[in-house]
Amino acid sequence: MTQDSKTIVHNAWKAFATHDFDQISAFFTEDAEWLAPPQNATAVFMQGPSHIIGRDAIADFLAYGFSKMFAKDVTLTFHGFYAEGNRVIVEETMTATLANGNAYENDYCFIFELHEGRIHRVREYMDTARAKTMVFG
């Protein structure tokens, strides 16, 4: 690996913020997976899966789908990046204005697993009940 795991994940977050498909997809292995809790508010709102498989599907969601729900004023406050080997844990709070006009604020924990310098798996954890209340009332 030419970069340490923490730097790779930190740079990936910068790419996610661009909503540029090519920049985002470059950080993932072809067979990457993004796993979130079943029936989480984002998956329900988007009428999509909570387990996204494949670099292109993940990049498509981050580049095009994300802003359909989180419409504006998206702010991430990072509380920590922790790394050991090929695993990186990221703690953050995200705030945004939702497409329905509601304010959104939730805490997240992401576990990134890297393979040969790219993200192979992401496990996402959040307060799903809180998110559903903010999204659906």
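- In this structure, the separation between OG1 on Thr42 and NZ on Lys132 is 10.5 Å, given to the nearest 0.5 Å.
- Looking only at side-chain heavy atoms (C-beta outward), Phe78 and Trp13 come within less than 4.5 Å of each other.
- Of the possible donor and acceptor atoms, none in the side chain of Thr18 sits under 3.5 Å from a partner among the backbone N and O of Lys14.
- Looking only at distances, no side-chain donor or acceptor of Asp56 sits under 3.5 Å from a matching main-chain atom of Ser25.
- Under the 4.5 Å side-chain heavy-atom criterion for ILVMFWY residues, a single connected hydrophobic cluster contains both Leu76 and Val135.
- A distance of 11.0 Å separates CD of Glu33 from CD1 of Ile52, quoted to the nearest 0.5 Å.
- Side-chain contact between His120 and Asp31 is present, with heavy atoms from C-beta onward closer than 4.5 Å.
- Following chains of ILVMFWY side-chain contacts shorter than 4.5 Å, one cannot reach Leu35 starting from Phe45, and the two form parts of different hydrophobic clusters.
- The number of heavy atoms from other shown groups lying within 6.0 Å of CZ (Arg123) is above 12.
- Using a 4.5 Å heavy-atom cutoff, the side chains of Met94 and Asn106 are not in contact.
- In this structure the side chain of Phe66 reaches within 4.5 angstrom of the side chain of Val74, judged on heavy atoms.
- Nearest heavy atom pair, residue Ile119 against residue Ala12, reads CD1-CB, 3.7 Å.
- Considering CD1 of Ile24 and OH of Tyr64, their distance stands at 8.5 Å, rounded to 0.5 Å.
- Cluster annotation: Phe112 and Phe61 are assigned to the same hydrophobic cluster (Ile/Leu/Val/Met/Phe/Trp/Tyr, side-chain heavy-atom contacts under 4.5 Å, transitive).
- A distance-only check finds a donor-acceptor pair linking the side chain of His19 to the backbone of Leu62 [under 3.5 Å].
- Note: Thr29 OG1 to Glu116 CD = 9.5 Å, rounded to the nearest 0.5 Å.
- In the displayed structure, His115 atom NE2 is contacted under 6.0 Å by at most 12 heavy atoms of other residues, nucleotides or ligands.
- Under the 4.5 Å side-chain heavy-atom criterion for ILVMFWY residues, no single connected hydrophobic cluster contains both Tyr108 and Tyr82.
- Side-chain atoms of Asn40 and Ser50 include no donor-acceptor pair closer than 3.5 Å.
- In this structure, the side chain of Ser5 engages the main chain of Gly85 through a donor-acceptor pair within 3.5 Å.
- Side-chain contact between Thr93 and Glu105 is present, with at least one heavy-atom pair separated by less than 4.5 Å.
- Within the 4.5 Å cutoff, the side chain of Ile8 has no heavy atoms near those of the Lys6 side chain.
- No continuous path of ILVMFWY side-chain contacts below 4.5 Å connects Phe16 to Ile111, so the two sit in separate hydrophobic clusters.
- Among all heavy-atom pairs drawn from Pro37 and Glu124, the shortest one is CD-O, 3.2 Å.
- The closest donor-acceptor contact from the side chain of Asn102 to the backbone of Met134 lies under 3.5 Å.
- Nearest heavy atom pair, residue Met46 against residue Met69, reads SD-CB, 4.4 Å.
- Contact check for Val122 versus Phe28: side-chain heavy atoms found under the 4.5 Å cut-off.
- Closest approach of Ile89 and Cys109 over heavy atoms only: CG2-SG, 3.7 Å.
- To the nearest 0.5 angstrom, Ile53 atom CD1 is 10.0 Å from Arg121 atom CZ.
- Side-chain atoms of Val9 and Phe110, non-hydrogen and from C-beta on, never get closer than 4.5 Å to each other.
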